[in-house]
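Worksheet for the structure shown next.
Heads up: numbering here begins at 1 and tracks the sequence. None of these values were measured; they are calculated from a predicted model.
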Amino acid sequence: MYFTKLGFTGASLLLKSIAQQGGHKLFGCHGEVLLPVFDKLDENKDISFILMKHEQAAVHAADGYGRACGKAGFALIGAGPGVTNAVTGIATAFSDSVPMVVIVCQIESEKIGKDSFQEVNVSGLTIPITKHYIRVWNLEKLPGAIEKAKVISEGGRPGPVVIEVPANLLMASTENISYDLTPTVVEQKKTEKAVSKNAIKYVLQALSESKKPIILVGGGVVISDASALLTEFVEKTKIPVVSTLMGIGSFDSKHSLHLGMLGMHGTFASNKAVHNCDLLLCLGVRFSDRVTGKMSHFSPKSLKIQVDVDPSEINKIVPIDIPIVADINAFLSELNQLINEKEITENCAEWVAEVTNFKRTVPRFDKVNSVLKPQEVLQLVDQYSDVDSIVVTDVGQHQIFTAHNYKFTKPRTFLSSGGLGTMGYGFPAAIGAAVANSAHPIICVTGDGSFQMNLQELSTAAFYKLPIKIIVLNNGYLGMVRQWQELFYDRRYSSVKISSPDFAKLAEAYGVPGFKAKNVEEAQGIIKKAFEHEGPALLEFDIVEEENVYPMVPPGAGNDEVILSR
């Protein structure tokens, strides 16, 4: 069946439909049910297929593409283990509201429900972790399904959409069916309606009465492309800003009114300011437990305003005094036109002077000439990198070290798995970011544990000559787990000491230049040399083993109970 020479088939229609919806970069892996699609790939000049080595990595790459450019990333996945491998990537995107279309090519429809080879229940596996799910049984419905998936994935609060297409449709001829490849008018249900005048009135009144206001920004500010409007609002009102992990880059971290990241690993300044403020304006924040800490201790003295495009997030975790369902961009546009900045700046001038003198840096670390500290590495990377660099991290200590020591000034330049905390996310997501922004330098910061979860994609970076600089912080441990065992389990280390290959030599085996450093002088040298190299490069830094991330709020504690040092 697969070896029959096919004419214009469902596979051709699928590729044309993907291209029609802007999926000119398609991430995926090979698989038996996908052979009809690969047979037609060379005929479609509008799609560049990026062949990954693992389906999880393919979906992470589509995720990185979506975060970097704000448009849906497209992934093509095969049946059976292809689907189960992809689940982690789909869940990661769902947790962080990333626009993505994942096309799953299922086994033939007549074999479904018979325990056939590579049969899994796609809908049962993916519906709980998707924004929307579509099953296509008729070939003429395929173009409309792809269009609908893209619109839904990007509209309102973005998220992944899964489309299930059985293999028999891919092989079917399109000669006897009617279909239309011209885009239909599919309404994008983005919150574009006018922001409630009453809501704006309540916000203006609350701001005018506040003596100690704080703005808390989350990933919603980045998603709604509202960073410029946020900066305008802050410049007018002089209200200090704190950020969640996902909100990093939405406001210039070098700005005098930026107090840093909030929460478990937030700065002293941000946690103390939020704890003592009398008004908390929350923009695009979902109030993760890593942000709030113990709920009874979270900003106990403040009137809380929450603005979010998703009504299900309002009052879900934190009791809200003024709830506003709106796109952040639309809300700030309206607010900037009506705000009385003079009244606000005069009322909170004393508060601003107080909180901007709080300690915004993380605790100082002891420099030892013979030992390289992770903080030093990230500060050097920041020093030598371009202002337009996109930094992608894995999950762990290195993620927090990056958030604190790299100075992010622009939106969509910090990509990381926040909600799901997916180790192995960073490198494939960096590949997606590199495909989305070929002119921008891409930096992947990872640890020796995280990197080993998807390092097979070194061959992908080498084959496509992607400009990714991979920063591996090697401390011989699963660092964050070890830190918790040290602080909360009386240093009873269990299964956290790990072994690793020589990453620099491994990179060379894949055709990627590898560099190693053990001290600051060597680190400076290899960063400068690697950053001058046009293609991918791996930089391995042998860092001190038991360096902890501080500040840290113990699990179950309030943000006012922060640990500043060992």
Side-chain angles (χ1 to χ4, degrees), residues 207 210-219 221 227 230-231 233-235 237-285 287-294 297-305 318 344-345 347-365 375 378-379 382 399-409 414 418 548-554 557-566:
L207 287 169
S210 171
K211 303 293 183 183
K212 298 180 178 182
I214 290 290
I215 301 170
L216 170 58
V217 297
V221 177
S227 294
L230 171 65
T231 301
F233 179 72
V234 174
E235 293 289 359
T237 62
K238 309 303 179 190
I239 299 176
V241 176
V242 302
S243 168
T244 68
L245 179 73
M246 303 310 296
I248 288 176
S250 61
F251 187 71
D252 187 350
S253 62
K254 296 180 181 179
H255 197 286
S256 61
L257 290 169
H258 186 258
L259 303 183
M261 188 170 71
L262 177 71
M264 177 174 279
H265 292 291
T267 63
F268 173 80
S270 63
N271 280 330
K272 185 170 182 179
V274 169
H275 187 73
N276 290 291
C277 70
D278 65 8
L279 182 146
L280 190 62
L281 175 58
C282 309
L283 304 176
V285 180
F287 297 111
S288 159
D289 56 303
R290 292 297 174 98
V291 168
T292 63
K294 189 176 182 179
H297 286 232
F298 180 69
S299 195
K301 307 169 187 177
S302 68
L303 179 145
K304 297 175 181 67
I305 305 168
V318 174
I344 294 173
T345 54
N347 284 350
C348 65
E350 186 176 333
W351 165 251
V352 173
E354 179 185 356
V355 298
T356 52
N357 281 318
F358 289 161
K359 186 177 179 62
R360 279 177 278 181
T361 56
V362 295
R364 291 183 62 82
F365 54 93
Q375 299 94 326
L378 272 306
Q379 289 170 8
D382 181 39
Q399 178 187 37
I400 308 302
F401 282 131
T402 303
H404 285 311
N405 291 281
Y406 192 99
K407 302 305 178 185
F408 294 92
T409 61
F414 176 72
N548 286 344
V549 174
Y550 293 111
M552 182 177 186
V553 176
N559 288 345
D560 56 321
E561 302 172 278
V562 63
I563 301 172
L564 294 177
S565 63
R566 183 183 279 145

CA sep, side-chain torsions, deciding dist, call: Val217, Val241, side chain to side chain contact (heavy atoms under 4.5 Å, CB included) | CA-CA 7 Å; Val217 297; Val241 176; 4.0 Å; yes
Atom pair OG1 (Thr402) and CG (Leu378), whose distance is rounded to the nearest 0.5 Å = 4.0 Å
Please test Asn271 against Leu262 for side chain to side chain contact (heavy atoms under 4.5 Å, CB included), starting from the C-alpha separation and ending with a verdict.
-> CA-CA 6 Å; Asn271 280 330; Leu262 177 71; 3.1 Å; yes
State the CD-CE distance between Glu561 and Met552, to the nearest 0.5 angstrom.
-> 13.0 Å
Are side-chain heavy atoms of Asp382 and Tyr406 found at a separation under 4.5 Å?
-> yes
N/O donor-acceptor pair under 3.5 Å between Thr267 side chain and Leu259 backbone | yes
What are the two closest heavy atoms between Tyr550 and Leu564, and how far apart are they?
-> CB-O, 3.4 Å
Measure the OG1-CD1 distance between Thr237 and Ile344 for me, rounded to the nearest 0.5 Å.
-> 6.0 Å
What are the two closest non-hydrogen atoms of Gly558 and Lys294, and how far apart are they?
-> N-CB, 3.7 Å
Look at the aromatic rings of Phe298 and Phe287 and report parallel, tilted or perpendicular, splitting at 30° and 60°.
-> perpendicular
Closest heavy-atom pair and its distance - Phe414, Leu245 = CE2-O, 3.5 Å
Is the backbone N or O of Lys212 less than 3.5 Å from a side-chain atom of Asp278, with the two atoms forming a donor-acceptor pair by type?
-> yes
Of Asn559, Asp560, Val562, which meets side chain to side chain contact (heavy atoms under 4.5 Å, CB included) against His275?
-> Asp560
Side-chain contact test, heavy atoms from C-beta onward, threshold under 4.5 Å: evaluate it for Leu281 versus Ile239 and give yes or no.
-> no
Any donor-acceptor pair under 3.5 Å linking the side chain of Lys304 with the backbone of Ser299?
-> yes
Quick one: are Lys407 and His258 in side-chain contact, heavy atoms under 4.5 Å?
-> no
Pro551 backbone acceptor or donor facing His265 side chain under 3.5 Å | yes
Measure across Ser243 and Leu216 and return the closest heavy-atom pair with its distance rounded to 0.1 Å.
-> C-CD1, 4.3 Å
Start with the C-alpha gap between Asn276 and Trp351, add the side-chain angles, then the distance that decides, and say whether side chain to side chain contact (heavy atoms under 4.5 Å, CB included) holds.
-> CA-CA 10 Å; Asn276 290 291; Trp351 165 251; 4.2 Å; yes
Are the side chain of Ser288 and the backbone of Arg290 linked by a donor-acceptor contact shorter than 3.5 Å?
-> yes
